[in-house]
Amino acid sequence: MTTTTVDVTRGSVAWARRRAALAGFWRQYRRDREGLTGLILLVLIAAVAVAAPLLAAETGLSVTHAPGRPIEPPSGTFWMGTDFNGRPIMTLIIWGSRISLIVGFAATVISMVIGTLVGVLAGHFTGWRGGVFNKLTDWFLVIPFLPLAIALAQLFHGLPKLLAVIIVIGITSWSGTARLVRAQALTVEARPYLERAKALGAGHWHQVSHHVLPNVMPLVLANTTLTVSISILAETTLSFLGLGDPLHASWGTVLHDAYAQAAISNGAWWWVIFPGLSVVVVVRAFNMCGRATERILDPRLRERA
Amino acid sequence: MSTAQRTGGGAARRRLRALTPRYVASKVVGAAVLLLFVTIFNYFLFRVMPGDPAKTFAPRGRNDDPAALQAMRERMGQGKPWWEKFLLYLDNLAHGELEHSYSQHQPVVDAIAERFWPTVLLSGTALVLAAVIGMWLGARAGWRHGSRFDRATSATSLTWYSVPEWWLGLILIIVFASKSGLGLFPVSGMSDPRSDLPYWLDVAHHMVLPVTALTVVYIAQYTLVMRSSIIDERYADYLAAARAKGLRDDQVRNRHALRNALLPSMTQLFLSLGFVVSGAITIETVFSWPGLGLLSEQALSGPDYPLLEGVFLVFSAAVIVMNLIADLIYPLIDPRVRAA
C-alpha cells in the first residue's frame with residue numbers, strides 16, 4: 001500500500017518536471033524565428049494533408065475519369081496544369097502530401113526505435129556485447145544508403161509496396177540516431193546515480209529503462225525532425241527510381257511518372273516543378289524546426305545562431 | 001628560413017612515425033572485416049530472392065538449353081550445402097569473377113569495369129568543386145559571423161540541401177538543354193559522335209549540367225561544417241597572436257584559422273561518400289550518364305540480380321576503402337588524432 005503511494009508521487013513528480021521542461025522549451029522555441037517559421041509551414045502542410053478531400057475532389061486522382069485533357073499547361077481551371085492522364089497536378093500534390101508525410105513519419109518511427117535500441121545497448125554494455133552493437137552501427141553508417149535500399153526493396157518484394165518503402169527507409173536510416181544515442185548513453189553511464197542503482201542491485205533492464213532511456217529520449221525526439229526530412233527525401237528518391245507504390249500518388253511517384261512519360265521532352269515543366277517544390281518546402285521546414293530544437297537543447301550552439 | 005625548413009622536415013618525419021604499424025594494422029583489419037561482412041550480407045541477401053538463379057538466364061524459355069543450364073547450376077554450386085556454395089562464391093570473387101549479367105549480355109565484372117571511370121569522373125569533379133566552394137563560403141561566412149553574407153549563405157545552402165539532386169537535374173534539363181528551353185547543353189549521355197568538338201571538350205560539355213546539379217546540392221554540408229569550425233576557432237589565442245604580429249585580417253584567416261578548421265571538413269568529405277553514391281545513381285539516371293549509377297538503375301528493371309549484387313558490392317567496397325584512406329591520412333595532418 002505504502003509503496004504504491006510512494007510510486008505514484010514519485011511518478012507525478014517526474015511528470016511535473018517533464019511538463020516544466022517542456023514549457024521552458026516552448027518559451028525558448030517561440031522566440032526562435034527560424035523554428036517558428038518552420039513550425040507554421042509544417043502546420044499548414046499538415047492541414048492541407050488532413051483536409052485533402054475538402055481541397056481537391058478525389059475523382060481527380062482517377063485515371064479514367066480525369067477532369068482535364070492530357071498535359072495541359074497551368075490555367076485558370078488547373079492552376080498547376082495536368083499530367084498525361086489529364087489529372088490535375090494540384091490534386092495529385094494535395095493527395096500525395098498524405099502519402100509522403102505518412103511514409104516520412106512511419107519510417108522515422110522505425111528508424112528511431114532501432115536507432116535508440118542499438119545506441120542504448122551499445123552504450124550500456126561494455127566489452128564484446130557493446131562492441132557488436134557499435135560495429136553494427138559503424139557498418140550501417142558506411143554502407144551507402146541508396147544501393148542498400150534498392151537491394152532491400154528487392155527482398156520485400158512480396159509486401160504491399162507502400163509498407164515495403166516504409167520498412168526499407170526505416171532500416172537504412174537508423175545509424176545516425178544510434179551513433180548520437182550511444183554518445184549520450186555513455187555520458188549517462190558515467191553518472192554516479194547509475195553506480196548507485198548498480199550497487200542497489202538493479203539489473204540491466206532496470207538500469208536501461210529507468211535511468212538511461214529517460215535521459216536519452218529528449219535527444220532522440222529532437223532528432224526526429226531531421227530524420228523525418230531525410231525519410232521524406234528518401235521516399236521521393238525511391239519512388240522516382242520506380243520503387244514506390246504506383247497505386248498511391250506521392251510526390252515521388254508523380255515525378256517518376258513525369259520522367260517516365262517524357263514530360264521534359266514535351267516541355268511539361270509544370271509537371272516537374274510543382275511536386276519537386278513541395279518536397280523542398282516540406283524538407284526545408286522540417287530542417288528549420290530541427291535546427292531550432294538543436295539550438296535550444298545544445299547551449300554550445302546558441303551563440304552561433 | 002632554414003630553421004623553419006628544418007622544423008618542417010622534422011614535423012614531416014614525426015608525422016610519418018605517427019603511422020605506427022599497429023595503428024595501420026588495426027585500421028586495415030577493421031576495413032577488411034567490414035568488407036567481409038558486406039560480402040556475406042550481400043551474398044545472402046540476393047540468395048534469399050525467389051527463383052532459380054540459373055533460370056534467370058533463360059527468361060520466358062529463351063536459351064533454354066538444359067545442358068547449359070545444368071552446367072551453370074553446377075558452377076553456382078547447386079545441390080551443395082550453403083557454406084560450400086558461399087566458399088565457391090568467395091573463391092570466384094577472389095579471382096575477380098562475378099556472375100553473368102543478363103540485361104547487359106556480358107559478365108558483371110566487365111559491365112562494372114566499363115562504367116567505373118565515368119562515375120569517378122562525374123562524381124569526383126562534383127565532389128571536389130563542392131568541397132572547395134563550400135569550404136570557401138563557409139570560411140567567409142563563419143569569419144563574418146552574423147553578417148548579411150553569413151545569414152544569406154546559411155539560408156541558401158540549407159535550402160539547396162533540401163533539394164533532391166535529381167530534381168534539380170530535371171529542372172536544369174528543362175531550362176538549359178531541352179528544345180523548348182535554351183538548348184545550350186546536351187540532354188543526355190557522355191559524348192556525341194556527331195560533335196565536331198575535340199573529345200575531351202565534348203565530354204566536358206556533357207558534364208556541365210550533371211556536375212552543376214550535384215555540386216549545388218553537395219555544397220551545403222561543407223559550408224555548414226566549415227562555418228561552425230571557423231566560428232569555434234575565431235577567438236582562439238593563437239589568432240590573437242597572429243593579429244598582434246600585424247597580419248592582415250584575411251592573412252589571419254587563410255594562414256592560421258583555416259588550417260586548424262580544415263579537419264572537420266576533411267572528415268565530412270570522407271563521411272559524405274555514401275551520399276555521393278546515392279547522388280551518382282539518381283543523377284546518372286536523369287542524364288543517362290554511362291556510369292555505375294545508370295547501371296544500377298538499369299539493373300533494377302528486370303530485376304537483374306547478379307548485376308545489382310555486383311554494383312552493390314562495388315559501391316560498398318569503394319566507400320569502405322575511401323574511409324580506410326581517410327583513417328590513414330588523419331594522423332598525418334592532425335596531431336590530436338595521433339594522441340588518441
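- Proximity to chain A involves both the backbone and the side chain of B:V38, based on heavy atoms less than 4.5 angstrom apart.
- Crowding of B:F270 atom CZ: a count of heavy atoms from other residues, nucleotides or ligands under 6.0 Å exceeding 12.
- With hydrogens and angles disregarded, no donor-acceptor distance shorter than 3.5 Å links the side chain of B:S154 to the backbone of B:R151.
- For B:L300, the part sitting under 4.5 Å from any heavy atom of chain A is the side chain, from C-beta outward, and nothing else.
- In this structure, chain B has heavy atoms under 4.5 Å from both the backbone and the side chain of A:L241.
- Annotation: maximal heavy-atom pairing with chain A below 4.5 Å, among B:T282, B:V163, B:T159, B:N323, occurs at B:T159.
- In terms of heavy-atom pairs under 4.5 angstrom with chain B, the leader among A:V281, A:L255, A:D138, A:L141 is A:L255.
- Relative orientation of the A:W269 and A:F274 rings is tilted, given thresholds of 30° and 60° on the angle between their planes.
- A salt bridge is absent between B:E284 and B:R115: the closest approach of a Lys/Arg side-chain nitrogen to an acidic carboxylate oxygen does not fall below 4.0 angstrom.
- Ranked by non-hydrogen atom pairs under 4.5 Å with chain A, the options B:L308, B:V311, B:I281 are led by B:I281.
- With a 4.5 Å cut-off on non-hydrogen atoms, B:V286 touches chain A through its backbone and its side chain both.
- Looking at B:N42, its side chain does come within 3.5 Å of a backbone N or O of B:E309 through a donor-acceptor pair.
- In this structure, no portion of A:I232 lies under 4.5 Å from any heavy atom of chain B.
- Remark: the backbone N or O of A:G35 is paired with a side-chain donor or acceptor of A:Y29 at under 3.5 angstrom.
- Put simply, the side chain of B:S296 gets close to the backbone of B:G293: a donor and an acceptor are under 3.5 Å apart.
- Both the backbone and the side chain of B:A155 come within less than 4.5 Å of a heavy atom of chain A.
- Across A:F145, A:F240, A:F286, the residue that shares the most heavy-atom pairs under 4.5 angstrom with chain B is A:F240.
- Aromatic rings of B:F41 and A:W139 (six-membered ring for Trp) have centroids within the 6.0 Å cut-off, being under it.
- With a 4.5 Å cut-off on non-hydrogen atoms, A:T236 touches chain B through its backbone and its side chain both.
- Judged by a 6.0 Å distance limit and a 45° cone about the ring axis, A:R182 is not positioned over the six-membered ring of A:F133.
- Per-residue heavy-atom pair counts under 4.5 Å with chain A were compared for B:P164, B:S178, B:G142, and the maximum is reached by B:P164.
- Residues B:R227 and B:D150 are paired through a salt bridge, judged by an N-O separation under 4.0 Å between the basic side chain and the carboxylate.
- For A:I230, no part lies under 4.5 angstrom from a heavy atom of chain B.
- Options A:I273, A:V282, A:N287 differ in how many heavy-atom pairs under 4.5 Å they form with chain B, and the most are formed by A:I273.
- For a residue to count as touching a neighbouring chain, one of its non-hydrogen atoms must lie under 4.5 Å from one of that chain's; by this rule B:L158 touches chain A with backbone and side chain alike.
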